[in-house]
Amino acid sequence: MRRVFLLRRRIDPWILGGGMATLALMLGTGKVAFLLFAVCGLYLAAIRHRTLRQLPPAFSAVLAAWAIWQIALSLLRGEPVSGNRVLSYAAVELAVVFVPLGLCLVPRPLDALANGARVGLLALLVATPVQYAMIGGRVGLGANEAIFAFVAGVVGIAARFPAARPWRWLPNSRIWTYLASVPIVLSGTRAALVLMLMTGAFDLYRLAARRSAAGNPRRSRVILGVIALVLIVGAYPAATMIGARFESGVAEIQAFEATGKVQGSADVRLVMWRSAAQVLAEHPLLGVGGTVRMERVGEKAGANAYMVTYYQHLHNLVFDEALSSGLIGLALLFAVFATFLRTVFASTRTPLLRETSVVLVAFLFLFGSFHGVLLNEWTLIAVFGTMATLLTSLRRVELADRARLDTAREGQRR
């Protein structure tokens with residue numbers, strides 16, 4: 001058994017890093033890697049209850065409460081188990097609770113995650129242009145293009161995390177996130193471009209502060225130059241895409257107001273959200289359930305019902321969650337991410353960790369304003385796997401500091 005543990009300490013970091021890298025490429029092994037750690041964590045929790053103290057307490061409790069609420073509400077409603085996406089996605093969220101325990105044999109989880117994300121980004125810089133050249137259209141590496149863009153964005157965020165022992169050819173740098181702009185632009189997903197604006201704002205502020213204080217001005221100029229180059233190069237295509245999107249959206253909404261019939265993407269979202277607000281007003285606390293959500297919204301859409309029920313979600317994480325699990329479920333969802341940020345800010349004073357955590361949560365909600373970001377296993381594992389890994393590292397530091405403090409107190413008493 002001891003040999004097995006020693007072997008696991010060598011291979012588990014590679015499994016975590018490899019999982020993150022293959023997740024970026026939308027390969028199933030990425031999902032399997034994170035679920036493997038979840039299963040190992042559940043096993044440890046069952047046979048060694050003392051290991052539960054390694055969990056980030058507040059975050060784990062709120063995440064488990066949210067997942068259990070969704071599962072219990074769905075079962076009490078008598079919704080079918082087969083094909084019930086609410087149950088399957090809630091099960092993924094509940095499984096992530098145990099990921100920190102499953103990472104017990106990974107010496108530096110954040111290092112493995114960041115290094116794996118950086119490898120994944122480098123692979124995307126090759127794979128996405130190749131696919132774009134082959135198909136001449138939106139790139140998704142075999143998955144939905146919007147989902148792919150979001151996962152690429154999360155991988156770009158994870159690559160920003162500072163590794164204690166980064167590989168020589170994968171140094172710590174804020175620049176990693178900007179590499180994600182290549183797969184995002186090639187995916188044609190405009191909502192994901194907000195990531196570059198957020199990280200650019202944080203980095204420009206940090207660089208300005210660094211230049212005013214003692215530091216390495218040459219390195220600051222290099223980083224600033226790279227950021228400016230990315231923004232300049234991406235400005236024209238981004239502005240063109242956003243401008244075209246805005247114009248088409250205005251045209252669609254004007255046509256809808258004139259005819260009352262939806263024809264495109266912006267107007268169908270408008271109908272969805274108006275109808276969803278009506279359904280939510282009738283069923284605020286518990287919602288109507290994920291299996292009949294689109295049907296109920298379609299009933300409020302009148303002649304446009306066929307366009308609403310054509311989709312599987314409302315393209316808005318707030319309405320999707322509120323109609324599936326009610327305002328109670330929505331409050332628990334907000335609590336999960338608020339607890340995550342609170343834990344990060346309480347556990348570390350490292351600016352980069354704090355900023356990156358804020359960017360992760362903001363990216364999720366801004367992107368989720370137009371897409372069903374929490375209704376897909378790829379996005380769930382990418383987001384919650386990243387969050388769980390970061391909190392695992394911070395929890396270990398906290399427990400180690402507490403142990404040293406207790407030892408020092410015992411020494412003083414003697």
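Here the structure is a predicted model, which is why all the values come from computation and not from measurement. Just so it is clear, the values below take in all heavy atoms, side chains as well, and ignore hydrogens, waters and symmetry mates. In this chain, residues are counted from 1 in sequence order.
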- Message: I want to check something: taking the side chain as every heavy atom from C-beta on, are L186 and P129 in contact at a cut-off of under 4.5 Å?
- Response: yes
- Query: When you measure from the side chain of D320 to the backbone N and O of L314, does any donor-acceptor pair fall under 3.5 Å?
  - Reply: yes
- Has the side chain of Q131 got a donor or acceptor atom that lies under 3.5 Å from a matching backbone atom of G140? yes
- Task: Kindly write out the residues that satisfy ring pair (Phe, Tyr, Trp, His ring centres under 6.0 Å) with F367, not counting sequence neighbours, or none if the list is empty.
- Result: F150, F363, H371
- Y178 side chain to T199 backbone, donor-acceptor under 3.5 Å: yes
- Message: Please list all pairs meeting ring pair (Phe, Tyr, Trp, His ring centres under 6.0 Å) that have one or both residues in residues 14-33, counting only residues at least two apart or in different chains.
- Response: W14-W167
- Query: What heavy-atom pair brings L63 and V336 nearest, and what distance separates the two atoms?
  - Reply: CA-CG2, 3.9 Å
- Query: Below 4.5 Å, heavy atoms only, C-beta onward: do F34 and L16 meet side chain to side chain?
  - Reply: yes
- Task: Find the distance between OG (S88) and CD (Q70) and round it off to the nearest 0.5 Å.
- Result: 10.0 Å
- Query: Does a donor on one side chain and an acceptor on the other come within less than 3.5 Å for S187 and R138?
  - Reply: no
- Message: Quick check: do L75 and L87 have side-chain heavy atoms less than 4.5 Å from each other?
- Response: yes
- Stepwise side-chain contact (heavy atoms from CB on, under 4.5 Å) check, R395 with L55: CA-CA 7 Å; R395 179 63 173 170; L55 292 174; over 6 Å; no
- When every non-hydrogen atom of A24 is compared with those of L124, the smallest separation belongs to O-CD2, 3.4 Å
- Query: Heavy atoms, side chains only, cut-off 4.5 Å: are F37 and D12 in contact?
  - Reply: yes
- Message: For R85 and Q312, which I'm curious about, is there any donor-acceptor pair between the side chains at under 3.5 Å?
- Response: yes
- With a 4.5 Å limit on heavy-atom distance, are the side chains of R396 and T392 in contact? yes
- On a heavy-atom basis, the closest approach of F98 and A38 is CB-O, 3.6 Å
- Item | Atom pair OG1 (T29) and CG (L23), whose distance is rounded to the nearest 0.5 Å | 8.5 Å
- Full working for side-chain contact (heavy atoms from CB on, under 4.5 Å) between V361 and L341: CA-CA 8 Å; V361 174; L341 291 178; 3.9 Å; yes
- Note on the structure: Contacts satisfying ring pair (Phe, Tyr, Trp, His ring centres under 6.0 Å) that involve residues 322-344 (not counting sequence neighbours) are F334-F365, F337-F365, F337-F384
- Q278, CD atom: more than 12 neighbouring heavy atoms under 6.0 Å: yes
- Query: So which heavy atom on A192 is nearest to which on I184, and how close?
  - Reply: CB-CG2, 3.6 Å
- Message: Before you tell me yes or no, could you show the steps for I147 and M26 under side-chain contact (heavy atoms from CB on, under 4.5 Å), namely the whole-Å CA-CA distance, both residues' side-chain angles and the distance that decides it to 0.1 Å?
- Response: CA-CA 10 Å; I147 295 301; M26 309 303 285; 4.1 Å; yes
- Query: Do any pairs count as a ring pair (Phe, Tyr, Trp, His ring centres under 6.0 Å) and have a residue in residues 41-95, sequence neighbours left out, and if so which ones?
  - Reply: none
- Answer yes or no: is there a donor N or O on one side and an acceptor on the other, between the side chain of T51 and the main chain of R48, under 3.5 Å? yes
- Item | Min side-chain heavy-atom separation V358-F202 under 4.5 Å | yes
- Task: Provide the full list of side chain to side chain donor-acceptor pair (under 3.5 Å) pairs with a residue in residues 110-125, sequence neighbours left out, each pair given once.
- Result: R108-D111, R118-N172
- Are side-chain heavy atoms of N376 and N144 found at a separation under 4.5 Å? no
- Identify the residue among D203, V359, L360 that makes a side chain to side chain contact (heavy atoms under 4.5 Å, CB included) with R160. D203
- Exam field: side chain R269 to backbone H315, donor-acceptor pair closer than 3.5 Å: no
- Item | Gap separating the CG atom of L286 from the CG atom of L327, nearest 0.5 angstrom | 9.5 Å
- Note on the structure: side chain to side chain contact (heavy atoms under 4.5 Å, CB included) test vs R296 passes for just one of L323, V288, T309, namely V288
- Message: One thing to verify: whether K300 and E282 come together as a salt bridge, which I'm taking to mean a side-chain N less than 4.0 angstrom from a carboxylate O.
- Response: yes
- Message: Has T379 got a side-chain atom pairing as donor or acceptor with V373's backbone, closer than 3.5 angstrom?
- Response: yes
- Message: Which residues pass the salt bridge (charged side-chain N to carboxylate O under 4.0 Å, His left out) test with E145, not counting sequence neighbours?
- Response: none
- Just by distance, do the side chain of T386 and the backbone of A158 share a donor-acceptor pair under 3.5 Å? no
- Message: Please evaluate residues N84 and S74 with respect to the criterion side chain to side chain donor-acceptor pair (under 3.5 Å), reporting the C-alpha separation (whole Å), side-chain torsions for both, the decisive distance (0.1 Å), and the verdict.
- Response: CA-CA 9 Å; N84 191 331; S74 180; 2.9 Å; yes
- Query: How many angstroms lie between CG in L353 and CD in E355, if you round to the nearest 0.5 Å?
  - Reply: 9.5 Å
- Query: CZ of F319 to NE2 of H313: how many Å apart, nearest 0.5 Å?
  - Reply: 15.0 Å
- Message: Return the CG to OG distance between L285 and S325, rounded to the nearest 0.5 Å.
- Response: 12.5 Å
- Message: Show, in sequence, the C-alpha distance, side-chain angles and deciding distance for E398 and L394, and conclude whether the side-chain contact (heavy atoms from CB on, under 4.5 Å) test is met.
- Response: CA-CA 6 Å; E398 178 186 353; L394 296 178; over 6 Å; no
- Distance-only, no hydrogens or angles: does the T348 side chain make a donor-acceptor pair with backbone N or O of V344 under 3.5 Å? no
- Any side-chain heavy atom of L122 within less than 4.5 Å of one from W169? yes
- Message: Looking at every heavy atom in both C104 and L44, which two are closest together, and how far apart are they?
- Response: SG-CD1, 3.5 Å
- Query: If you take all heavy atoms of L103 and P109, which pair is closest and at what distance?
  - Reply: CD1-CB, 4.4 Å
